[in-house]
Enquirer: 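Below you will find the structure I want to go over with you.
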Amino acid sequence: MGTYAVTGAASGMGREVVDRLRAAGHTTITVDLRDADVVADLATPAGRRTAVAGVLARAAGSLDGAVLAAGVGPVRGREELIAQVNYVAPTELLLAWRDTLAATAAGTGVSSKVVVFGSNSASVTPGIPGALVAAHLHDRPGVRARLLKVFGPNAAAFAYGGSKLALSRWVRRTAVAPEWAGSGIRLNAIAPGAIMTPLLQTQLDGPDRDRIESFPVPVGGLGDAGQIAEWAVFMLSPAADFLCGSVVYVDGGTDAYFRGSAWPASSSMLSVPRWLLRSRAFAKRAVSGS
Ligand code: NAI
């Protein structure tokens with residue numbers, strides 16, 4: 001049985017993940033604003049330090065995985081909070097827990113697994129400015145704050161979608177690095193669509209209700225928090241050993257509806273490693289198109 005840190009564990013999908021892990025006999029170290037082993041405000045540097053230290057103290061050197069579910073929705077006027085909780089917190093916490101995740105994997109011979117909660121808002125929110133995503137990824141909080149102030153009525157949607165887009169890209173870039181994939185850690189993201197939780201209820205109670213209810217969901221209706229938790233728990237299991245840097249969409253088909261032809265897409269030649277470009281077999285395939 002393993003030990004797993006879960007943020008956002010007091011509500012919604014995080015709580016469903018905790019219930020399932022505990023029912024399976026695992027130990028959980030929960031982090032949230034309330035009702036958690038480690039009570040911490042992940043929107044602040046001090047709260048993040050508390051979360052890092054609290055989890056490491058309870059883990060006592062053995063952390064088999066983590067689920068980063070804490071998040072705040074696209075509520076107007078909370079743009080900086082969204083950035084702090086949805087992007088800064090999961091990336092900071094994971095960087096601080098990496099050594100223990102890697103050491104546990106080395107000690108057990110089983111890869112440690114991390115599931116980060118992204119969102120299909122990363123890809124289905126139209127027009128998220130690239131500069132905002134870059135400001136997250138390059139750690140430029142001043143630029144990010146200035147951009148969020150000029151987006152007017154789109155600010156909350158861009159702040160939310162931008163935080164999740166940057167987070168998904170961070171997961172994909174980080175997951176494949178020697179310090180992660182090469183050190184026995186499997187880092188992946190799940191991208192839910194609209195799931196019935198308190199976070200979504202807050203949005204349904206606000207001015208965006210019509211927009212949310214009319215959003216295309218090919219299978220119809222809203223998703224179930226327990227079902228998403230099942231996916232997250234599967235991504236923590238040994239069956240997910242070969243899953244690395246993936247963003248798993250579980251959204252009733254919304255992303256496929258909007259981007260059916262846009263993804264997957266062939267990589268640009270610029271992103272192909274040099275050694276592969278030099279290989280004769282690759283050159284032949286590129287010419288024949290096979
Ligand atoms: P929820 O509101 O039920 O749970 C979120 C948890 O995060 C709460 O327990 C809350 O206290 C905690 N949290 C918020 N701010 C915090 C802070 N400053 N410090 C510590 N903890 C904090 O929400 P839900 O829906 O279960 O969301 C889980 C994750 O899934 C979030 O990252 C959310 O962005 C994401 N998501 C949710 C979707 C939905 O439709 N419900 C869709 C796509 C992604």
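Note that ligands are numbered from 1 as they come in the structure, with each ligand's atoms numbered from 1 the same way. Keep in mind it's a predicted model, so treat the numbers as computed, not measured.
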Enquirer: Could you verify whether a donor N or O on one side chain and an acceptor N or O on the other, from Thr125 and Tyr160, lie under 3.5 Å apart?
Expert: no

Enquirer: Mind checking what residues have non-hydrogen atoms under 4.0 angstrom from ligand 1?
Expert: Gly8, Ala10, Ser11, Gly12, Met13, Asp32, Leu33, Ala40, Asp41, Leu42, Ala43, Ala69, Ala70, Gly71, Val72, Val85, Phe117, Gly118, Ser119, Tyr160, Lys164, Pro192, Gly193, Ala194, Ile195, Thr197, Pro198, Leu199

Enquirer: Flag the pair Glu80 and Arg144 as a salt bridge only when some basic side-chain nitrogen lies within less than 4.0 angstrom of an acidic carboxylate oxygen.
Expert: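 Salt bridge: yes.
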
Enquirer: Where the side chain of Asn188 meets the backbone of Gly245, is there a donor-acceptor pair that is under 3.5 Å apart?
Expert: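 Answer holds: yes.
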
Enquirer: Just say parallel, tilted or perpendicular for the rings of Phe215 and Phe258, cut-offs at 30° and 60°.
Expert: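 Ring orientation, 0 to 90° scale: tilted.
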
Enquirer: Determine whether a donor-acceptor pair (N or O, by modelled atom type, separation under 3.5 Å) exists between the side chain of Asp32 and the backbone of Ala10.
Expert: yes

Enquirer: In this structure, are over 12 heavy atoms from other groups packed under 6.0 Å from Arg172 atom CZ?
Expert: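 Counting other residues, nucleotides and ligands, CZ of Arg172 stays at 12 neighbours or fewer.
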
